[in-house]
Asker: 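Okay, here's the structure, questions in a sec.
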Number of protein chains: 2
Amino acid sequence: MKSRMNITEIAKQAGVSIATVSRVLNNPSLVKESTRQRVLDVLQSTNFKINAIAKNLRTKKSYSIGLIYTSVLMLFYNMISKGVEDIAIGKSYNVFFCNSGDDPIKESDYLSLLYEKRVDGIIVSPTGNNRELFENIISYGIPVCFIDRIVKGINTDSVVVNNRESSCNAVSYLIEKGYGRIGFISGPKWTWTGIERFKGYLDAHAAHNIEFLEELVRFGDFQYDSGYEGAKELIKEGDIDALYIANEPMAAGALEYLNEKKIRFPEDIGFLMWDNPYWSTLVKPQISVVSQPMYTIGTTASELLFKRITAAEAYMDKEPLKITLNTELVIRGST
Amino acid sequence: MKSRMNITEIAKQAGVSIATVSRVLNNPSLVKESTRQRVLDVLQSTNFKINAIAKNLRTKKSYSIGLIYTSVLMLFYNMISKGVEDIAIGKSYNVFFCNSGDDPIKESDYLSLLYEKRVDGIIVSPTGNNRELFENIISYGIPVCFIDRIVKGINTDSVVVNNRESSCNAVSYLIEKGYGRIGFISGPKWTWTGIERFKGYLDAHAAHNIEFLEELVRFGDFQYDSGYEGAKELIKEGDIDALYIANEPMAAGALEYLNEKKIRFPEDIGFLMWDNPYWSTLVKPQISVVSQPMYTIGTTASELLFKRITAAEAYMDKEPLKITLNTELVIRGST
DNA sequence: TTGAAAGCGCTAACAG
DNA sequence: CTGTTAGCGCTTTCAA
C-alpha cells in the first residue's frame, strides 16, 4: 500500500521548503520560474494531490456544501439537486446530499453533522421544525438557503415558487373549463407549501363566487399512499368532476386508484396535478400539470449560497434575498 | 456573528485540560464521574459541536464516502443512492454524491476531488475509463466498490446483477410467448452492462435455434432520445412483434414514439423493458419489466465498503468480493 | 524570492 | 484519573 504524498515530502524531493511548495500550489506567481518548474515536476511525477482536510483546517473553509431535501425518490428534488450540484462543481465544491424524508429528527441530525463537517453553506428544503438549530447555524455565519419551503420567523435567503397564485390559476382554469365539483388532494397543513396551495384553491373558489365545500378536500402527506386514499375517499363520497392534486407522488397514487376502478380522464373526470414528472406525458392521455422550474430552483439557490460564501463583507450583511419563481400551467389531454 | 466553540475554550470554562475534554467526547469512561458531568454541562450549555475537520486531520479518517453515478435523473440510481445513504448515515457517515453523466472526464475530476477530500471509500458506477486513476486510488488503500458495472482488469469489490442471464430469460420469455421478430434497443457496446444484455439477447436466440438478425437491434446510449430513435427505426424498418429495451430512459423514449404513432401494446406489439420505474405501472396496460434490486444494490455495496473501511487488517487483504444479485422478470399487461 | 516558525483544533502517547 | 506535549498537513506572517 503506497503512502500518500504530502508537501513535506515534495519539498524534500524538490530541494525547497514547504512554504515554496505551498506557494507553487496557491500562488505560483510568487515563485521564481525555475524553482516553480522544479517543484511542478516533482508534483507531477509523484502524482501529488493536496490534503484537503489539512488545508481546510488551516483556511477554515471546507469547499463543501450540504443539501438537505425530502426524498431522493421525487423527480422534483432530483432536478433541484442536479441544479445545485452543477453550480457547485463549477466552483470545485462537493455536495453532501441528505435525505431527511421530511423527518424533523433526521433533519436535525443532518444539520448537526453538516455543522460538524464545517460545510461552507447549506441548502435545505426545511421540515418546518428545528427553528432553533437553524438560527444557531446562521448565527455562526454559515449561509443557509431555503428551497421549496420556508420556515416562518427565520430570515434567510430562499427560493420558492408562487404556490398560492399558481394554485389559484390552476383551479380557476378548471372552473372556467366547466368543471363543477373539484376534488383536491392537498398537502399537509403543517407544511408551508401545503397551506399555500390550499389557499390558492380557496382563492379560486372565492374569485368565482363558488362556495367552498370541505367534503371536496383531503389533506394528504405528499406521499403516494395518501394520494391513493384521497382519491378513493373523494370519489366514494360523491360526484367529483375533476381531481386536483398537490404533488407528484400523491398524483401517482391517485392515478393508480383511477386505473383500478377504470375511471378514465378526461371523459369521467378531469385530472390536474402539480409537478411535471416525465411519466405525466407517458400516460394516455397526457396529464395537465402545474410545472415548477425545478432545475432553476436548484441553480438559483446554489448561486445565492455561493454569493454569501464568497461574499465580501459588504454582501454578508445584506438583507436576505427571497426569490419567488413562477410556475407554468401546462394544459394537456387530461383536462 | 458568534464564534464557534473549540475544546480549548470548553476546557477553560470547565477548568480542565483539553485532553480531558477530548476524553469526555471520545472515551467518557476514562473520566471521573464528577469531572465528566462538569464538562458535559459546559458542552451542553455552549452548544459545542466538534470540529470534524480537525478531528479528521488528526485521525486520518474523514467519515465521508463518495458515490459517483451516472445520473440523478434515473430511478435506478436514485434507489441505489438511497440504499447507500441509509447504510452510511447509520454509521454517521456522510455521502458526497457525484453525477458523472457517464463522462469519463467528469468521473476523473470527481475521483480527484474525492481523493483530495480524503473520503474513506468510494462507490462508483464506472464509465469504463480512468483505469489508471482507479488503480492509483486503490493502491493508496482507499476502498473502491463498483456498482452496476465493472471495469475489466480492476480487481476490487463489486455489486452487479446477472445481466446476461436475466436478458436471456427475458428474451426467452418473449420467444416462448410466441413473439417472432423481437426488436432490441440495446445499451452501448462500450459499456459492460450494454454488452452483457446484448449477449443475453443472443443467447436466447441461440437457445431457441432462432437466427439472429442484425436489423432487429439498435445500439442506443441508454438515454431517452436513443430510445425514441431506436423505436422509430426498428418500426419503420420492418415488422416488429415485440420491443425489448435495455433501460428506463430509452424505454420512455420508445414509449413516446409508440404513443405518437398510436401503436398499442400488447395488441400491436409486445413491450418489455429493463428497470422497474413506478411509471411502468401507471401506464395502461402496465408494462412487463426486468426488475433489478436497486435498493439492495446500494445497501450491499455500502456494507461491503464499510467492511473494508472498518476492517481489521485481516480483512483488508482478503480477495475482492464480487457479488452478483438476481433480477426478477415481472410479467404485466404489455406482453 | 525564499525559509523558518507558528498555529488551525483535535487525538494520543506519556508521565505523573 | 488527569495534564503536558507532540504532531496530523497545510497556509501565512515575518524576516532574511
Side-chain angles (χ1 to χ4, degrees), chain A residues 2-40 42-43 46-64 92 113 115-120 140-141, chain B residues 2-40 42-43 46-64 92 113 115-120 140-141:
Chain A
K2 285 191 286 182
S3 67
R4 309 194 203 183
M5 280 293 151
N6 55 33
I7 59 169
T8 308
E9 185 60 29
I10 300 292
K12 210 174 291 173
Q13 291 192 24
V16 297
S17 73
I18 60 168
T20 298
V21 177
S22 178
R23 284 192 198 99
V24 171
L25 255 18
N26 300 300
N27 273 95
S29 65
L30 296 182
V31 181
K32 187 169 56 167
E33 168 66 27
S34 61
T35 324
R36 193 195 325 158
Q37 206 44 252
R38 196 146 35 91
V39 174
L40 245 22
V42 180
L43 251 22
T46 56
N47 232 303
F48 173 83
K49 291 268 190 306
I50 205 164
N51 183 329
I53 303 272
K55 176 176 187 152
N56 298 347
L57 176 60
R58 178 62 225 234
T59 59
K60 302 192 179 224
K61 299 199 37 153
S62 70
Y63 300 94
S64 306
S92 290
L113 227 42
Y115 177 85
E116 290 181 0
K117 288 256 164 76
R118 294 309 196 253
V119 292
D120 296 338
Y140 284 117
Chain B
K2 287 192 284 182
S3 69
R4 310 194 201 182
M5 281 292 151
N6 56 33
I7 59 169
T8 309
E9 185 60 28
I10 300 291
K12 209 174 292 171
Q13 292 192 24
V16 297
S17 74
I18 59 166
T20 299
V21 178
S22 179
R23 283 191 200 100
V24 172
L25 256 17
N26 301 300
N27 274 95
S29 65
L30 297 181
V31 181
K32 185 169 56 167
E33 167 66 26
S34 62
T35 324
R36 193 196 322 156
Q37 206 43 253
R38 195 146 37 91
V39 174
L40 244 22
V42 180
L43 251 23
T46 56
N47 232 303
F48 174 84
K49 292 269 189 308
I50 206 166
N51 183 330
I53 302 273
K55 176 177 187 154
N56 298 347
L57 175 60
R58 179 61 226 235
T59 59
K60 302 193 179 224
K61 299 201 36 157
S62 71
Y63 300 96
S64 307
S92 291
L113 226 41
Y115 178 85
E116 289 182 359
K117 288 256 164 74
R118 293 312 196 249
V119 292
D120 296 337
Y140 285 117

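Below, chains carry the letters A, B, ... as their sequence lines are ordered, and counting in each starts from 1. Because only heavy atoms are used, hydrogens play no part in the values below, and waters and symmetry mates are left out as well, while side chains stay in.
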Asker: Does any part of the side chain of A/Asn51, heavy atoms only, come nearer than 4.5 Å to the side chain of A/Asn6, both counted from C-beta?
Answerer: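 No, side chains not in contact.
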Asker: Within this structure, what is the CG-to-C1' distance between A/Leu30 and D/dC14, rounded to whole angstrom?
Answerer: 15 Å
Asker: When you get a sec, tell me which of C/dC10, D/dC8, D/dT11 is the closest nucleotide to the side chain of A/Ile7?
Answerer: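 In terms of side-chain proximity for A/Ile7, the closest of C/dC10, D/dC8, D/dT11 is D/dT11.
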Asker: May I ask you to say what A/Ile50 touches in the nucleic acid, namely base, sugar-phosphate or nothing, with a heavy-atom cut-off under 4.0 Å?
Answerer: sugar-phosphate
Asker: Considering only C/dA5, D/dG3, D/dG7, which nucleotide approaches the side chain of A/Ala19 most closely?
Answerer: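 Looking only at heavy atoms from C-beta outward on A/Ala19, the closest nucleotide is C/dA5.
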Asker: Taking N and O atoms by type only, does the side chain of B/Arg118 place a donor or acceptor under 3.5 Å from a partner on the base of D/dG9?
Answerer: no
Asker: Can you tell me the distance, in whole Å, between the CD atom of B/Glu9 and the C1' atom of C/dC8?
Answerer: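 So the two atoms are 16 Å apart, to the nearest Å.
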Asker: Applying a 4.0 Å non-hydrogen cut-off, can you work out what A/Asn26 is touching in the nucleic acid: base, sugar-phosphate, or nothing?
Answerer: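 Since only primed, P, OP1 and OP2 atoms lie under 4.0 Å of A/Asn26, the category is sugar-phosphate.
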Asker: Apply side chain to side chain contact (heavy atoms under 4.5 Å, CB included) to residues B/Phe48 and B/Ile50 and explain how you reach the verdict.
Answerer: CA-CA 6 Å; B/Phe48 174 84; B/Ile50 206 166; 4.0 Å; yes
Asker: So if I take every side-chain heavy atom of A/Arg23 and compare against C/dC8, D/dC1, C/dT2, which nucleotide ends up nearest?
Answerer: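 The closest nucleotide is C/dT2.
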Asker: What is the nucleic acid contact for A/Ser22, judged by heavy atoms within less than 4.0 Å: base, sugar-phosphate only, or nothing?
Answerer: base
Asker: Classify the nucleic acid contact of A/Leu25 as base, sugar-phosphate or nothing, counting any heavy atom under 4.0 Å across all strands shown.
Answerer: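 If one applies the 4.0 Å heavy-atom cut-off, A/Leu25 turns out to touch nothing in the nucleic acid.
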Asker: Starting from P on C/dC8, measure out to CD1 on B/Ile18 and report it in whole angstrom.
Answerer: 11 Å
Asker: What is the minimum heavy-atom distance between A/Tyr140 and B/Lys2, and which atoms define it?
Answerer: CD2-O, 3.6 Å
Asker: Output the rounded distance in Å from CG (B/Leu57) to C1' (C/dG7).
Answerer: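 Taking CG of B/Leu57 and C1' of C/dG7, I get 12 Å after rounding.
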Asker: Check whether the side chain of A/Arg4 and the base of D/dG9 form a donor-acceptor pair under 3.5 Å.
Answerer: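 By the distance-only test, no, there is no pair.
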Asker: Would you mind telling me which residue lines up with the more 5' stretch of DNA chain D, B/Lys60 or B/Ser29, judged by nearest nucleotide?
Answerer: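 Result of the comparison: B/Ser29.
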Asker: What is the distance, to the nearest angstrom, from the CG atom on A/Asn6 to the P atom on D/dT11?
Answerer: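 About 12 Å, once rounded to whole Å.
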Asker: Kindly say if A/Thr35 contacts the phosphate of C/dT2, meaning a side-chain N or O under 4.0 Å from OP1 or OP2.
Answerer: yes
Asker: Calculate, to the nearest 0.5 Å, the distance between atoms OG and CD1 belonging to A/Ser62 and A/Ile53 respectively.
Answerer: 9.5 Å
Asker: Take the protein atom CG of A/Asn51 and the nucleotide atom C1' of D/dT11, then report the distance between them rounded to whole Å.
Answerer: 13 Å
Asker: Check whether any side-chain N or O of B/Thr20 sits under 4.0 Å from OP1 or OP2 of D/dG3, and answer yes or no.
Answerer: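 Checking D/dG3 against B/Thr20, a side-chain N or O does come within under 4.0 Å of OP1 or OP2.
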